[in-house]
Protein chains: 2
Amino acid sequence: MNISTQNQSFIYHFGEMGSRWGFNRTVGQMYALLVITEAPVCANDLASGLNISRGNVSMSIKELQSWQLIQMSHIPGDRKEYYSSIGSIWDMANTVFKERRKREIDPTLSLLRASLLEKPTDAGDEYSQTKMQEIHDLLEMVTEWAAELQRLNPEQLSRLMKLGAGVSKMLSVKDQLFPNKKNSESN
Amino acid sequence: MNISTQNQSFIYHFGEMGSRWGFNRTVGQMYALLVITEAPVCANDLASGLNISRGNVSMSIKELQSWQLIQMSHIPGDRKEYYSSIGSIWDMANTVFKERRKREIDPTLSLLRASLLEKPTDAGDEYSQTKMQEIHDLLEMVTEWAAELQRLNPEQLSRLMKLGAGVSKMLSVKDQLFPNKKNSESN
DNA sequence: TTAAACTTTCAGAAACTTCTGAAAGTTCGT
DNA sequence: ACGAACTTTCAGAAGTTTCTGAAAGTTTAA
């Protein structure tokens, strides 16, 4: 398995970014390699191409599978397992978002919910509960919104994003169309 | 400095989540403590309250300052420096988003831009470049959109988010109002 | 000046994460 | 049943990050 210099730098970059994106170097490199390689790649080629041990490849494959980012396939007459990245770039972004929400936001939300059920015992607790409530509400709103956006198809999403500054105009159009709706909540 | 059990669990949780959010345990705990404590807290109290060394407090304060999340103040007749969290929860979320974008997306975008300027040398490179282009376009769109959203004030943002599913209806309303606009790009 | 009251720095210790490679496990054709 | 071709596991090595605490630095007041 030999990899062009251009692709090398992409792969190494993904490895380095990996830790910032929530997975480790090897997982990042492997995924990068699979994304930019059209044909499925076997475990041995991953190991030799990235200069890592066969064991590491096996563990990283498991990780990528748990993120639902890769797919396994076979070549007739060959017992090796071949791997390739799954779905479009949009799907990948979706998967990564969903996964990160699960790891980064959901646990905090449930902790906050539990905390907010307890009665504050002193003045300090009262202040801290109002802050926790604010964080809770913010996280909940963002979570729900993200779920909403993920329900749109890529075409709609892309249109919404390209609207750019238009979103604020859209809000005022909405006001003109439905001026009855409550929208002067003081947050 | 003594901390109620309820607040303890919030603080420890933030410590644990810290690494997933892009900072370390101590930074997470210190920030949590400062958010839920109304009165400014001095470095010694942070150290004793969280059971960490004075040196660690000093380094973590620097980190929080670089994220622009905390503020320093003084009490007349006292030479110690007192710290408190800055701004509303919205401001905090904004700051964290911006900072993460800077660390997690911007470097990848510039690498991709550089890569895409190079001429592909073989068929494999050609495929990988189309993939890189897709990732580039996606990241760029998301980045621009995020910047757009950050320009809205909290009230507008909150309204937009509460629109929820309404957002797709909005798009069709827009189509009816301005059917001339190009929106059938095949992505 | 001096010294007390504070903050910062940084070398090395502790804790944590990742990686290797040999051994164990699985699957399949004969 | 056997063994060849593969994959997985996991103990401990290597690498990385975080933390401590003693020493150095800074500020202020007398």
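Here the structure is a predicted model, which means the values were calculated and not measured. To find a chain, count down the sequence lines: A is the first, B the second, and so on, and within it residues start at 1.
Spacing between atom CE of A:M72 and atom C1' of C:dT27 amounts to 12 Å, rounded to whole angstrom units. If you take CG of A:N56 and C1' of C:dA22, they are 15 Å apart, rounded to a whole angstrom. Following rounding to the nearest Å, B:M30 (CE) and D:dC19 (P) show an atom-to-atom distance of 11 Å. Between A:K80 atom NZ and C:dC28 atom P there is a gap of 15 Å when expressed in whole angstrom units. Atoms CD1 (B:I52) and P (D:dT18) sit 13 Å apart, rounded to a whole Å. Atom CG of B:N44 and atom C1' of C:dA5 are 10 Å apart (whole Å). Atom NE2 of A:H74 is separated from atom P of D:dA5 by 16 Å (rounded to the nearest Å). Separating the CD atom of B:E63 from the P atom of C:dT8 is a distance of 14 Å, rounded to the nearest angstrom.
The side chain of B:S58 approaches C:dT9 more closely than any other nucleotide in the set D:dT8, D:dT7, C:dT9.
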Stepwise salt bridge (charged side-chain N to carboxylate O under 4.0 Å, His left out) check, B:R113 with B:E140: CA-CA 10 Å; B:R113 286 207 185 96; B:E140 188 158 74; 2.6 Å; yes

Verdict with reasoning, B:Y31 to B:L64, per side-chain contact (heavy atoms from CB on, under 4.5 Å): CA-CA 8 Å; B:Y31 187 57; B:L64 284 171; 3.9 Å; yes

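One finds no side-chain N or O of B:T26 lying less than 4.0 angstrom from the OP1 or OP2 phosphate oxygen of D:dT18. Within the 4.0 Å cut-off from OP1 or OP2 of C:dC19, at least one side-chain nitrogen or oxygen of A:N24 is found. Side-chain nitrogen and oxygen atoms of A:K62 include at least one within less than 4.0 Å of the OP1 or OP2 phosphate oxygen of D:dT9. Note on A:R54: every side-chain N or O is 4.0 Å or more away from OP1 and OP2 of C:dT20. The side chain of A:R25 contributes no N or O atom lying less than 4.0 Å from OP1 or OP2 of C:dT17.
Place B:E81 and A:S53 on DNA chain C by their nearest nucleotides, and B:E81 ends up nearer the 5' end. Of the residues near DNA chain D, A:Y83 and B:M59, the one whose nearest nucleotide (by heavy atom distance) lies more toward the 5' end is A:Y83. Both B:S19 and A:I61 lie near DNA chain D, and the one whose nearest nucleotide falls closer to the 5' end is A:I61.
In this model, no donor atom of one side chain and acceptor atom of the other lie less than 3.5 Å apart for A:Y127 and A:Q129.
Although no hydrogens or angles enter the test, the distance criterion places a donor-acceptor pair under 3.5 Å between the side chain of B:D91 and the main chain of B:S88. A donor-acceptor pair is defined here as one N or O able to donate and one able to accept, closer than 3.5 Å; such a pair exists between the side chain of A:S128 and the backbone of A:D125.
In this structure, A:W145 and B:W145 have parallel ring planes: the angle between them is below the 30° cut-off, well short of the 60° mark.
For D:dT27, its base sits under 3.5 Å from the side chain of B:R79 at one donor and acceptor pair at least.
A:L46 and A:L34 get closest at one heavy-atom pair: CD2-CD2, 4.2 Å.
With a 3.5 Å limit on both pairing distances and Watson-Crick or G-U wobble geometry required, the stems of 3 or more pairs in DNA chain C span C:1-30 with D:1-30.
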